[in-house]
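Order of listing sets the numbers, starting from 1, for every ligand and every atom in it. Worth knowing before you read on, the calculation uses all heavy atoms, side chains too, and leaves out hydrogens, waters and symmetry mates. Worth saying up front: this structure is predicted, and the values here are computed from it rather than measured.
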Amino acid sequence: MESGFRKRILKKAFEKNSRIILAFDDHDEDDALGKLNTLCESLREHLTGVKIGLPTMLSAGLNGLRMMINRFKDEYVFIADVKMADISYVNSVTARLLYEAGFDAVVSHGFIGYEGGLDGLFRETGRLARGVIIVVSMSHVGSREFIDPGVEKLVQVALTYGADGVVAPATRTQIVEKVKKMAENSLLIMTPGVGVQGAPYGAGLSAGADFEIIGRSITGSPNPVEKALEVRRQHGRILAQRAC
Ligand code: BMP
């Protein structure tokens, strides 16, 4: 059965015809909250979701973010990227704080395992009817050391416990293809690594992903709207090829 979060993000993607999730990691020196507000205003029609990372959370604080999310909650889905990796109790308290601040979904590592780890997160997610996204592989080279050897098991965990989606790297598209083969349409696949990290825009979508997570290429651009449009044009070409 399709979860509430999956339904919401897919509906937004369809309405806006956008496969972009903005990654926002700016911090206070740059007036992070002000910049995030400006980007959310100007990129309304170009983004499906906004993923907020720890640098922004730690500098803006949850109260500032709560107001921001409340202002734009009808425009975007908001994802809290804390890459959770703790014991059940801490995971459940962290998830509750984030969901209560208005986040629609939380990103967690999968390698902590379910019992006494992920179970705390899934309990809160179920109770508050929100989303969970599990990291199954990362875009940096070091992911090969410990995470990638377990990628199949991590996808299996996401499938077994009913996660909404997974994060997999656009920088190693063979992994995205493997995840897609295993998950088919049961998990949303979100791929970071395009733009500043070196993969071309559309690399994740070409390999079967549903969304590309894009940060600095847009947030650091002198013209974020033009950059988002450039990415969307490339996405459009790839989605048209995929449909053939
Ligand atoms: P950028 O496009 O600026 O490189 O940002 C990528 C975003 O995706 C960052 O927020 C980062 O935390 C996230 N990310 C990543 O880069 N690689 C991963 O494997 C998992 C991520 O969540």
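Those atoms of ligand 1 that come under 4.0 Å of a heavy atom in Asp81, given as number and element, are 12 (O), 22 (O). Atoms of ligand 1 lying under 4.0 Å from at least one heavy atom of Asp25, given by number and element, are 9 (C), 10 (O).
The aromatic rings of Tyr114 and Tyr161 lie parallel to each other, with less than 30° between the two planes, well short of the 60° mark.
Contacts with ligand 1 closer than 4.0 Å are made by side-chain heavy atoms of Ala23 only, the backbone lying farther away. Of the heavy atoms in Arg216, both backbone and side-chain atoms come closer than 4.0 Å to ligand 1.
Heavy atoms of Val135 stay at 4.0 angstrom or farther from ligand 1. Contact analysis leaves His140 out of contact with ligand 1, as no non-hydrogen atom separation drops below 4.0 angstrom.
A side-chain donor-acceptor contact under 3.5 Å links Lys16 to the backbone of Glu75. Side-chain N or O atoms of Thr191 include none that pairs as donor or acceptor with a backbone N or O of Ala170 at under 3.5 Å. When atom types are taken as modelled, the side chain of Tyr76 and the backbone of Arg44 share a donor-acceptor pair closer than 3.5 angstrom.
For the ring pair (Phe, Tyr, Trp, His ring centres under 6.0 Å) test, no residue two or more places apart in sequence or in another chain qualifies with Phe24.
A side chain to side chain contact (heavy atoms under 4.5 Å, CB included) with Leu22 holds for exactly one of Ile214, Thr219, Ile79, Thr48; it is Thr219.
The two residues Ser186 and Leu159 have their closest heavy-atom pair at CB-CD2, 3.7 Å.
Thr171 and Gln197 are not linked by any side-chain donor-acceptor pair at a separation below 3.5 angstrom, with hydrogens and angles left out of the test.
The shortest N/O to N/O separation between Ser139 and ligand 1 falls below 3.5 Å. When only interatomic distances are considered, the shortest N/O to N/O separation between Pro192 and ligand 1 does not fall below 3.5 Å.
Nearest to atom 13 (C) of ligand 1 among the protein's heavy atoms is Lys51 NZ, 3.6 Å. With hydrogens left out, the protein atom closest to atom 2 (O) of ligand 1 is Gly215 N, 2.8 Å, a heavy atom. From the protein, the heavy atom lying nearest to atom 22 (O) of ligand 1 is Lys83 NZ, 2.8 Å. Scanning the protein heavy atoms around atom 16 (O) of ligand 1, the nearest turns out to be Gln197 NE2, 2.8 Å.
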